[in-house]
Amino acid sequence: MIEVIVTTLTESKTAERFGADRLELIADLQAGGTTPSFGTIRNVLEQATIPVHVMIRPHADSFVYNEEDAETILADIGLCRELGADGIVFGALTSEGRIDEALLGEVIKHKGEMVLTFHRAIDDAADLMDAITVLNDFPEVDHVLTSGGQATALEGIDRLSAMHEVAEMNVLPGAGITADNVAQLIDRLGVDFVHVGSGVRTEGRLDEHKFKAIKQQMAR
């Protein structure tokens, strides 16, 4: 199964038609994703027939957030909950590169029944294995999206494997996943869900042929 990054209502409809199993809705793809607008969230949630997880990231400066950022984060989570989002995608670190447990705790209090994915902020952690151990203390974290601390999931496959061994949540590999490497990742990690962005795009546009190629490799 594949989770696909989308940025607009049009892309969400296209991704669903091409075979996406879940959507990660974001803004500013080039910056790695930020929180989409109210209108985009509402419209996608109203029309999607597959699960939608919404990125909660107030800015792309870093994964370290101050009090004002935290207020925005919690307000956006409340909005997503009210609009009926299936899940949220969030991550935060302290200035020392550790999981921001205080903010994560507040996010958990505000998220209600929504699924929680801790996103690739973890790849910037000072110690990835320590970060996974910390996240294990938060059973409300359902998934962790990671490339194993490397630029791509394939480059980070050894660390991803180690993380998968100790993680008590689902490890969702992402970054640089294509039809050429998805089978290798699935075989090595034993996962049944991957996260794709550029791997199903050509010149920025969603590409049906790339969707089919990834699906075929995953079905092998």
Side-chain angles (χ1 to χ4, degrees), residues 3-7 22-36 53-77 80 85 87-111 114-153 155-157 159-160 162-164 166-177 189 191 193-198:
E3 176 182 88
V4 179
I5 299 170
V6 296
T7 62
R22 187 169 69 212
L23 304 176
E24 183 192 54
L25 181 61
I26 71 169
D28 201 352
L29 180 61
Q30 299 305 314
T34 55
T35 308
H53 292 184
V54 181
M55 171 73 79
I56 303 295
R57 188 184 179 202
H59 58 73
D61 296 341
S62 75
F63 298 113
V64 179
Y65 300 118
N66 60 30
E67 288 186 16
E68 289 79 8
D69 294 330
E71 290 178 8
T72 299
I73 286 167
L74 298 180
D76 285 336
I77 289 171
C80 289
I88 53 171
V89 183
F90 161 83
L93 302 174
T94 67
S95 56
E96 293 79 29
R98 294 180 57 82
I99 301 295
D100 188 335
E101 297 182 60
L103 182 52
L104 178 57
E106 288 300 308
V107 165
I108 288 168
K109 289 178 185 177
H110 283 74
K111 77 178 185 67
M114 292 187 294
V115 172
L116 174 58
T117 299
F118 195 96
H119 64 47
R120 289 189 63 206
I122 195 169
D123 291 323
D124 281 2
D127 185 323
L128 274 101
M129 300 308 292
D130 176 70
I132 280 289
T133 301
V134 171
L135 289 181
N136 282 342
D137 292 333
F138 293 88
E140 301 86 355
V141 176
D142 301 285
H143 311 285
V144 57
L145 171 62
T146 174
S147 61
Q150 299 298 318
T152 70
E155 292 175 80
I157 194 167
R159 183 62 59 83
L160 280 169
M163 294 169 76
H164 184 67
V166 302
E168 295 179 11
M169 72 294 295
N170 296 317
V171 174
L172 180 61
I177 295 179
L189 302 175
V191 296
F193 232 115
V194 296
H195 173 90
V196 296
S198 60

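- Not one N or O on the side chain of Asp76 forms a donor-acceptor pair closer than 3.5 Å with the backbone of Pro58.
- A 4.5 Å side-chain heavy-atom check between Arg57 and Asp28 finds every atom pair outside the cut-off.
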Please walk me through it: do Met114 and Ile77 pass side-chain contact (heavy atoms from CB on, under 4.5 Å)? CA-CA 9 Å; Met114 292 187 294; Ile77 289 171; 3.9 Å; yes

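- Using a distance-only test at 3.5 Å, with no hydrogens or angles considered, no donor-acceptor pair links the side chain of Arg22 to the main chain of His53.
- With contacts defined as side-chain heavy-atom distances shorter than 4.5 Å, the pair Thr117/Val144 does not qualify.
- The two residues Ile5 and Gly197 make their nearest non-hydrogen contact at CD1-CA, 3.8 Å.
- In this structure, Ala153 and Gly174 approach most closely via the heavy-atom pair CB-O, 3.6 Å.
- Taking the six-membered ring where the residue is Trp, Phe63 and His119 present tilted rings, their angle falling between 30° and 60°.
- When atom types are taken as modelled, the side chain of Asn136 and the backbone of Glu168 share a donor-acceptor pair closer than 3.5 angstrom.
- Contact check for Glu71 versus Ile73: no side-chain heavy atoms found under the 4.5 Å cut-off.
- Side-chain atoms of Met163 and Ile122, non-hydrogen and from C-beta on, do get closer than 4.5 Å to each other.
- Of all heavy-atom pairs spanning His59 and Thr34, the tightest one is C-CG2, 4.0 Å.
- Side-chain contact, Ser147 with Asp123: a donor N or O sits under 3.5 Å from an acceptor N or O.
- Note that NE2 of His164 and CD1 of Ile132 are 11.0 Å apart. Values are rounded to the nearest 0.5 Å.
- Looking only at side-chain heavy atoms (C-beta outward), Val171 and Leu189 stay at 4.5 Å or farther from each other.
- Residue Leu93 comes nearest to Ala125 through the heavy atom pair CD1-N, 4.0 Å, listed as atom of the first residue, atom of the second, then distance.
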Stepwise side-chain contact (heavy atoms from CB on, under 4.5 Å) check, Thr146 with Leu128: CA-CA 10 Å; Thr146 174; Leu128 274 101; 4.2 Å; yes

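- Within the structure, the side chain to side chain donor-acceptor pair (under 3.5 Å) test picks out the following pairs touching residues 97-109 (sequence neighbours left out): Arg98-Asp130, Glu106-Lys109.
- The shortest heavy-atom contact between Ala92 and Tyr65 is CB-CD1, 3.7 Å.
- A distance of 8.5 Å separates CG of Leu23 from CD of Glu3, quoted to the nearest 0.5 Å.
- Of all heavy-atom pairs between Leu160 and Pro173, the closest is CD1-CB, 4.3 Å.
- Using modelled atom types, no side-chain atom of Thr7 and backbone atom of Ala27 make a donor-acceptor pair closer than 3.5 Å.
- Under the 4.5 Å side-chain criterion, counting only non-hydrogen atoms from C-beta, Ile99 is in contact with Phe118.
- The backbone N or O of Asn66 sits less than 3.5 Å from a side-chain atom of Asp69, completing a donor-acceptor pair.
- Looking at His110, its side chain never comes within 3.5 Å of a backbone N or O of Leu74 through a donor-acceptor pair.
- Partner of Val115 under the side chain to side chain contact (heavy atoms under 4.5 Å, CB included) criterion, chosen from Asn170, Asp142, Ile88: Asp142.
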